[in-house]
Q: 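This is the structure I want to talk about, given as structure tokens.
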Amino acid sequence: MPKDAAHDWILKPLNPPQRQAASADRRPLLIVAGAGTGKTATLVHRVAWLMAGGVDPARILLLTFTRRAAGEMLRRVDAILRRLAEKEASDEAAGGSDEADARSMQRLRSTRVWGGTFHAIATRLLRRFGKAINLAPEFTIHDRTDSEDLMAVVRTELGLAKTDKRFPKKGTCMAIYSRCINARQKLGHALKHHFPWCQDWEEELGKLFDAYVDRKEAGSVLDYDDLLLYWHALLADPKAAERVRGLFDCVLVDEYQDTNVLQAEILYKLCPDGQGLTVVGDDAQSIYAFRAATVRNILDFPKHYPDAQIVTLEQNYRSTQPILDATNRVIGQAKERYRKDLWTERGEGARPWLVHCEDEDDQAEYLIRRILEHREAGIDLRRQAVLFRASHHSMLLEAELSERKIPFHKYGGLKFVETAHVKDLLAFLRLAENPRDVVAGARILPLLPGLGPVKARKLMQTLVDAGGDFTAWKDFKPPAGAEKLWPKLVRLLVDLSGAKEGLPEQVGRVRKFYGPLLEQHYDHAQPRLRDLEQLEQIASRYRSRRRLLEQLTLDPPASTQDLAGPPLLDDDYLVLSTIHSAKGLEWDAVYVIHAADGNIPSDMATNSPEEIEEERRLFYVALTRAKNWLYVCFPLRYYQYGPRRGDRYGFAQRTRFLSDSAVELFQQEVTEGAGEDDAEDEGFGARVTSRSIRRRTKGLWS
DNA sequence: CTGTTGAAATTTTTT
DNA sequence: ATTTCAACAG
């Protein structure tokens with residue numbers, strides 16, 4: 001089949017603007033794709049189109065927001081190309097030899113495409129080319145928690161823990177540092193605009209960050225920010241830059257609205273003239289400013305590449321007209337954005353619901369009733385999702401779902417690998433992998449009785465001095481209580497660093513040593529021990545220990561179930577997700593909960609107009625996930641906790657993002673308990689329901 | 001030095 | 001609810 005015919009075949013399922021985007025020439029291309037406009041499909045077809053046009057898949061770089069997104073896209077690319085190959089084969093059944101067919105199939109497999117997040121790709125490139133900028137290729141990677149731990153170590157070492165006024169805590173220090181790196185801002189600037197309450201500490205913070213950077217260097221450790229920073233540095237080195245640039249003919253970036261200045265600069269250096277560069281995004285869905293992402297990247301793209309082509313996708317394939325009307329109304333009140341008018345051919349459907357609930361319990365009750373109704377009507381649980389602003393907003397609902405034995409999967413919030421016991425176990429492997437990783441040592445050693453932070457630090461120093469040879473620890477005289485354990489630990493680490501055993505065996509050995517310690521240190525030991533068993537089981541899937549550690553820090557599974565692998569086809573579960581983690585996904589029925597001012601927008605994010613605008617976009621992202629049914633719920637009463645206010649109920653307002661004119665597009669519903677008891681309440685404050693009392697008291701002991 | 005206890009402060013979203 | 005820090009006992 002001639003190339004043109006193949007190209008036509010690929011473009012056939014697309015609408016005209018999508019076609020234009022998928023088949024655009026090599027000039028820089030910006031695709032502005034509104035919510036639900038087939039952005040992913042367009043990108044997938046563009047990759048297929050490029051490959052069918054002869055671009056070597058191994059010379060295509062696909063940058064996505066999660067690794068899962070990359071995997072999903074490449075699967076779809078493969079599916080298209082497979083069908084194309086089948087068609088070619090049947091069209092030319094007479095002529096083509098089997099061998100030639102096999103070759104063309106092989107050529108068209110997307111497995112060789114470089115796909116992943118900025119961080120994952122950075123890792124891959126740095127392992128390969130790091131030497132050019134004096135980076136040892138066997139560096140280990142710190143996740144956010146590890147980085148904070150190292151920050152805490154340095155913080156105490158510099159005596160910043162015992163200042164008369166309270167010094168910012170480790171998490172805040174890390175956030176400030178991270179902003180400087182990712183937004184390429186001076187400390188003073190970052191403090192002034194984003195952490196004004198820390199401005200008094202500018203000098204000390206500067207010293208802290210210096211020391212922090214030195215410690216990472218000494219330990220041959222990179223944090224998340226370093227991965228980008230070193231990739232950037234790699235591209236600043238003329239010789240290395242040439243080699244890296246030479247790897248790729250085409251670079252495609254998804255979710256461009258959520259990249260930061262550093263990432264944009266990496267792209268500029270990777271594609272100086274923009275040839276072969278495609279970026280896709282929607283400024284109306286930019287929700288990662290807190291991570292230093294900036295809409296300016298997408299807005300300035302045409303300025304940076306004056307010959308850029310811009311294609312706007314406006315036909316929505318996801319939602320019904322009534323839902324689209326409502327979401328358009330919400331985003332229409334945003335201050336500044338690329339003009340887009342989303343429309344759909346999906347015509348009639350149910351208007352979205354605005355549900356007034358009495359309180360949180362009532363909200364949970366309502367949700368479960370609706371969810372089960374939809375399931376009865378044939379909408380599986382997995383086609384429904386409950387979305388919320390903050391991870392803890394779903395706690396009550398989770399408890400209720402568990403009680404009713406309704407299976408669910410939660411995305412966002414604390415991840416499996418971030419739990420203390422999993423981190424502990426991985427720290428053993430990490431220390432074996434990189435004995436200079438002080439944070440790993442500082443985590444493991446104090447698990448032994450009688451060993452504290454000070455001895456741990458000294459031991460790590462002797463280990464580093466011995467060049468990472470764990471036998472150097474044999475001379476150490478352990479404190480009373482650890483005499484039995486100490487030789488075992490040394491033996492374990494010596495064996496692990498020898499790496500003679502397979503990965504599951506290694507995890508098994510750590511588990512045997514660590515299990516009893518876990519029981520001493522943590523509550524609820526049983527489920528934690530089971531997590532470790534599970535980790536041992538899946539260890540065999542990884543090629544190497546380094547690979548396992550790398551994958552788990554760069555692409556942490558959202559839950560234990562996720563870690564276990566793709567869910568079985570027949571098991572059905574409801575999706576609970578933070579709005580952030582719901583990005584790019586869609587469901588038949590979507591329930592947005594806690595849509596009250598203070599939650600959406602979050603009280604923490606109402607300090608500046610920019611923050612409020614971002615919260616508005618966040619709400620918009622939540623609403624636009626819905627295909628057929630959209631419910632926005634908020635409890636009228638919520639329980640206020642905390643030492644300052646005492647234990648009492650407060651009253652909630654509907655989110656400010658649902659203006660009166662937007663509310664007109666909703667059908668309003670008041671749940672049973674809500675609204676009818678205003679008179680009774682007078683003078684008494686809140687009426688407390690029996691359900692609420694049950695809930696609250698349960699909280700006292702579990 | 002370590003481990004425990006209590007008081008005080010802070011409280012989001014995530015690669 | 002969690003983190004941090006000081007105070008105190010062993």
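Throughout, protein chains are lettered first and strands after them, A, B, ... in sequence-line order, and every chain is numbered starting at 1. When reading the values below, keep in mind they use all heavy atoms of this one structure, side chains included, and skip hydrogens, waters and symmetry mates.
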Q: Are any of A:S581's side-chain N or O atoms less than 4.0 Å away from OP1 or OP2 of B:dT14?
A: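 Answer is yes, contact under 4.0 Å.
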Q: I'd like to check the side chain to side chain contact (heavy atoms under 4.5 Å, CB included) partners of A:R291; sequence neighbours left out, ordered by chain and number.
A: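 Testing A:R291 for side chain to side chain contact (heavy atoms under 4.5 Å, CB included), a comparison that skips the adjacent residues, returns A:F65, A:Y288.
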Q: Are A:H524 and A:Y522 close enough that their ring centers fall under 6.0 Å?
A: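 They do not qualify: ring centres at least 6.0 Å apart.
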Q: Take the protein atom NZ of A:K583 and the nucleotide atom P of B:dT15, then report the distance between them rounded to whole Å.
A: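 So the NZ-P distance, A:K583 to B:dT15, works out to 10 Å.
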Q: In terms of the nearest nucleotide of DNA chain B, which residue is placed more toward the 5' end: A:L448 or A:T117?
A: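 This one resolves to A:L448.
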Q: Please state how far atom CG in A:N182 lies from atom P in B:dT15, giving the value in whole angstrom units.
A: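 Whole-Å distance recorded here is 13 Å.
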Q: Taking the six-membered ring of A:W587, is NZ or CZ of A:R625 closer than 6.0 Å to its centre and within 45° of its axis?
A: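 Judged by the rule (NZ or CZ under 6.0 Å from the ring centre, within 45° of its axis), A:R625 is not positioned above A:W587.
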Q: Students often get this wrong, so: under 4.0 angstrom with heavy atoms, is A:G171 touching a base, only sugar-phosphate, or nothing?
A: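 Answer is nothing: A:G171 stays at 4.0 Å or more from every strand.
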Q: Walk along nucleotides 5-10 of chain C from 5' to 3' and tag each nucleotide B, S or - by protein heavy-atom contact under 4.0 Å, base first, then sugar-phosphate.
A: SS----
Q: So, does A:K415 get its side chain near the phosphate of B:dT15, meaning an N or O under 4.0 Å from OP1 or OP2?
A: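 Yes.
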Q: Quick one: A:I612 CD1 to B:dT13 P, roughly how many Å, whole number?
A: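 Whole-Å distance recorded here is 19 Å.
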Q: What contact category does A:P446 fall into here, base, sugar-phosphate, or nothing, at under 4.0 angstrom with non-hydrogen atoms?
A: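 Result for A:P446 = nothing.
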Q: Please give, in whole Å, the distance from B:dT11 P to A:R389 CZ?
A: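 Interatomic distance, CZ of A:R389 to P of B:dT11: 14 Å.
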Q: Which nucleotide in the list B:dT14, B:dT2, B:dT12 gets nearest to the side chain of A:R144?
A: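 When the side chain of A:R144 is considered, B:dT14 is the closest of B:dT14, B:dT2, B:dT12.
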Q: With nearest nucleotide decided by heavy atoms, which residue, A:E614 or A:K169, maps closer to the 5′ end of DNA chain B?
A: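 Its nearest nucleotide being more 5', the pick is A:K169.
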Q: In whole Å, what is the span from the CD1 atom of A:I579 to the C1' atom of B:dT14?
A: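 Value for this atom pair: 14 Å.
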Q: Regarding A:F118, tell me which of base, sugar-phosphate or nothing describes its non-hydrogen contacts under 4.0 Å with the strands shown.
A: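 No contact at all - A:F118 keeps every heavy atom at 4.0 Å or more from the nucleic acid.
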Q: What do you reckon, are the aromatic ring centroids of A:F388 and A:H580 less than 6.0 Å apart?
A: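 Between A:H580 and A:F388, which both carry aromatic rings, the centre distance is not below 6.0 Å.
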Q: Check this one for me: any side-chain N or O of A:T578 less than 4.0 Å away from OP1 or OP2 of B:dT14?
A: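 Answer yes for this pair, as a side-chain N or O of A:T578 is under 4.0 Å from OP1 or OP2.
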Q: In plain terms, say whether A:K335 and A:E613 are close enough for a salt bridge, that is, a side-chain N and a carboxylate O under 4.0 Å apart.
A: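 Looking at A:K335 and A:E613, the cut-off is met.
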Q: Can you measure A:Y411 atom OH to B:dT13 atom C1' for me and round it to whole angstrom units?
A: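 Computing the A:Y411:OH to B:dT13:C1' distance gives 18 Å.
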Q: I want to verify a distance call: between B:dT10, B:dC1, B:dT13, whose nearest atom is closest to the A:F290 side chain?
A: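 So the nucleotide nearest the side chain must be B:dT13.
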Q: At under 4.0 Å between heavy atoms, what does A:T66 touch on the DNA or RNA strands: base, sugar-phosphate, or nothing?
A: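 It contacts nothing in the nucleic acid.
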Q: Determine the contact category for A:L227: base if any of its heavy atoms lies under 4.0 Å from a base atom, sugar-phosphate if only primed atoms, P, OP1 or OP2 are that close, otherwise nothing.
A: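 Here A:L227 touches no strand at all.
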Q: A:P453 near the nucleic acid: base, sugar-phosphate alone, or nothing, with a heavy-atom cut-off under 4.0 Å?
A: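 The answer is sugar-phosphate, as A:P453 gets under 4.0 Å only of primed atoms, P, OP1 or OP2.
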Q: Rounded to whole Å, how long is the line connecting atom CE of A:M174 with atom P of C:dT4?
A: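 Distance, rounded to whole Å: 14 Å.
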Q: Any salt bridge linking A:K39 with A:D254? Criterion: basic side-chain nitrogen under 4.0 Å from a carboxylate oxygen.
A: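 Yes, charged N to carboxylate O under 4.0 Å.
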Q: What integer distance in Å separates A:M151:CE from C:dT4:C1'?
A: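 Atom CE in A:M151 sits about 17 Å away from atom C1' in C:dT4.
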Q: Are any of the side-chain nitrogens in A:E138 or A:R127 under 4.0 Å away from the carboxylate oxygens of its partner?
A: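 No salt bridge links A:E138 with A:R127.
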Q: Got a second to check how far A:T123's OG1 is from A:Q551's CD, nearest 0.5 Å?
A: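 Reported to 0.5 Å precision, the distance equals 10.0 Å.
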